[in-house]
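Residue indices begin at 1 and follow the sequence shown. Atoms within each ligand, like the ligands themselves, are counted from 1 in listed order.
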Amino acid sequence: MKRTTKRWRASVGAAVAGIGILAATALSAQAAGSTLHAAASDQGRYFGTAIAAGKLGDSQYTTIADREFGMITAENEMKMDATEPQQGQFNFSSGDRILDWATSHGKRVRGHALAWHSQQPGWMQNMSGSQLRQAMLNHVTQVATHYKGKVYAWDVVNEAYADGSSGARRDSNLQRTGNDWIEAAFRAARAADPNAKLCYNDYNTDNWSHAKTQGVYTMVKDFKARGVPIDCVGFQAHFNSGNPVPNNYHETLQHFADLGVDVQITELDIEGSGSSQAEQYQGVTQACLAVSRCTGITVWGVRDSDSWRASGTPLLFDGNGQKKAAYTSVLNVLNSGEGVPGGGDPDPGETTPPPTGGSGCTATYSEGQKWGDRFNGTVTVTANGNISSWTSTVTVSSSQRISATWNGTPTWDSSGKVMTMRPAGNGTLAAGQSTSFGFTVMHGGDWTWPKVTCSAS
Ligand code: G3I
């Protein structure tokens, strides 16, 4: 349930070293949301987790899940292989256990997933053509009917696009039944449960410039134009060092939202630890808050030990159920209410001053969006030769302060006016390669561009 009382928000004092959302550090004397879902609810969002039915007997697990989350996804129990193990014989026992646990604890449920090339039951895997099409549609109809009126949203189709540079559909037995299989699944789901929000869900669709993102965007745009019933797009958001949170994430979310669909972060996990992981979680949370139609965030599991990739410690609670730095950063961002401002303009007017830098790297400042009280800036760090890491300073004027950062690890000097940014992960750049980080400046009436420098090692 959405709470309507807005909590008192502190203004920010001096900048401090550490995690980039400074506003979040000044919340001590207020009644901020003390759990993820309470804080998200204050922002008109939900905060959820994936749950495994087999862990509902673990009291540490259920205590955390009950306390912190308001939206529940069945990690595996509502998938095709679980719900229709033999053709025409449906088994909802595990899915129902999760639904019952969630609803009896006052939580909503995201259904996952009606049609997918993976985790198909054995009988379906070798099917093809009209027989498969009919079996898939029957599955969608039967499962959505069973849960009719009980789920907030369905991932109707999961992961139908290919990785890589094609921007095309993934080859699969479902795709080979005809390109219209996705819209057929959405129409069947709508007919079965007219009140559930119907989502397309995928991974590696976070970076706006990636072909896969563009492929999905084109499909959703086409669906909206032709009246195919789609209400939302899920961004799985499985991140690691090889697939970091992109700095245009909020733009991606906003572009999709501008098509007239809700966007949701549906399976968030970020491999890593400490402040680096915390900062990336912060960036994702900010990106969602920046987009009014980003209706919620779900993390893909409760404790690190519950994760499908436990060795990457990608979640908000450690294996002992203790809150991690990432938890605190997410909670603080939710309580501060500060998103990356204004993801609505994907192409802000940019002007580039002469670059500044030392011999090893060059830092270039470019102007981003502007608002009455703040502006965004991006620093692009370019390696002049092969470098193993870099450090960039950003100096703001006495009336300015940096209120948020993304895609880097910041520290500040004692004046709070000089931010030193280091790479969020591996800082290695080959000659000519670039990376960038961003920040928001509360300008206090002074629109002077920050001064930037770069040094490499
Ligand atoms: O329950 C059986 C157990 O009885 C058996 O002994 C064991 C041996 O393999 O397997 C167990 O089932 C495993 C199941 O997870 C429950 O742990 C399956 O093998 C395993 O394949 C399954 O993995 C799931 C995976 O989807 C399957 O694709 C993960 O838990 C689940 O987190 C993951 O979730 C997916 C989303 O649905 C879609 N997006 C990506 C995401 C991560 O891969």
Side-chain angles (χ1 to χ4, degrees), residues 48-58 61 65 69 71-85 91-99 101-102 109-122 124-125 136 139-140 143 147 151 153-163 169-170 172-175 182 185 198-206 210 212-213 216 232-240 242-243 245 263-272 284 296-317 319:
T49 186
I51 289 287
K55 292 180 178 158
L56 288 174
D58 176 338
Y61 179 84
F69 301 105
M71 183 71 76
I72 300 298
T73 305
E75 186 175 359
N76 289 296
E77 294 78 354
M78 295 186 189
K79 292 175 178 174
M80 300 179 100
D81 57 352
T83 50
E84 195 178 357
N91 182 344
F92 296 112
S93 57
S94 294
D96 286 355
R97 280 187 67 203
I98 291 187
L99 183 98
W101 183 85
V109 171
R110 288 191 87 262
H112 173 80
L114 292 173
W116 189 15
H117 69 277
S118 181
Q119 280 189 283
Q120 292 180 0
M124 186 182 272
Q125 289 174 21
M136 179 273 288
H139 180 87
V140 170
V143 177
Y147 289 109
V151 297
W154 268 112
D155 291 331
V156 178
V157 169
N158 198 35
E159 303 177 359
Y161 273 75
D163 294 312
R169 296 281 180 85
R170 171 196 298 277
S172 72
N173 60 350
L174 291 169
Q175 181 62 28
I182 297 180
L198 305 182
C199 304
Y200 175 79
N201 191 52
D202 214 328
Y203 65 91
N204 283 355
T205 48
D206 313 290
H210 284 180
K212 187 172 179 180
T213 311
V216 175
C232 36
V233 176
F235 296 80
Q236 293 185 9
H238 296 295
F239 295 113
N240 57 25
N243 177 36
V245 181
V263 294
Q264 299 166 355
I265 294 170
T266 53
E267 303 181 16
L268 177 62
D269 54 17
I270 306 174
E271 292 188 325
V284 171
I297 299 175
T298 294
V299 288
W300 204 240
V302 177
R303 301 161 300 197
D304 283 336
S305 49
D306 302 314
S307 170
W308 66 294
R309 46 182 188 170
S311 63
T313 61
L315 293 172
L316 300 177
F317 294 86

Subject >> Enumerated ligand 1 atoms positioned under 4.0 Å from heavy atoms of Asn158 >> reply: 38 (C)
Original post:
Got a protein heavy atom sitting under 4.0 Å from atom 19 (O) of ligand 1?
Top reply: no
Subject >> Winner among Asn76, Thr73, Thr266 once heavy atoms are compared against atom 22 (C) of ligand 1 >> reply: Asn76
**OP:** Please write down residue, atom name and distance for the protein heavy atom closest to atom 31 (C) of ligand 1.
**Re:** Glu75 OE2, 3.4 Å
Original post:
With a 4.0 Å cut-off, strictly under, does atom 3 (C) of ligand 1 pick up any protein heavy atom?
Top reply: no
Original post:
Heavy atom of His238 under 4.0 Å from ligand 1?
Top reply: yes
Subject >> Proximity to ligand 1 by part of Tyr203, non-hydrogen separation under 4.0 Å >> reply: neither
**OP:** Give a yes or no on whether atom 10 (O) of ligand 1 lies under 4.0 Å from any heavy atom of the protein.
**Re:** no
**OP:** May I ask you to check whether His139 and Trp116 place their ring centres under 6.0 Å from each other?
**Re:** no
**OP:** Starting from atom 21 (O) of ligand 1, locate the nearest protein heavy atom and write down its residue, its atom name and how far away it is, to 0.1 Å.
**Re:** Gln119 NE2, 4.8 Å
Subject >> atom 43 (O) of ligand 1: any protein heavy atom closer than 4.0 Å >> reply: yes
Original post:
Got Lys55 and Asp306 here, is their nearest side-chain heavy-atom distance under 4.5 Å?
Top reply: yes
Original post:
Does the protein put any heavy atom within less than 4.0 Å of atom 34 (O) of ligand 1?
Top reply: yes
**OP:** Please check atom 15 (O) of ligand 1 for a protein heavy-atom neighbour under 4.0 Å.
**Re:** yes
Original post:
Is the closest protein non-hydrogen atom to atom 24 (C) of ligand 1 under 4.0 Å?
Top reply: yes
Original post:
Heavy-atom distance from atom 27 (C) of ligand 1 to the protein below 4.0 Å?
Top reply: yes
**OP:** Starting from atom 40 (C) of ligand 1, find the nearest protein heavy-atom neighbour and note its residue, name and distance.
**Re:** Glu267 OE1, 3.2 Å
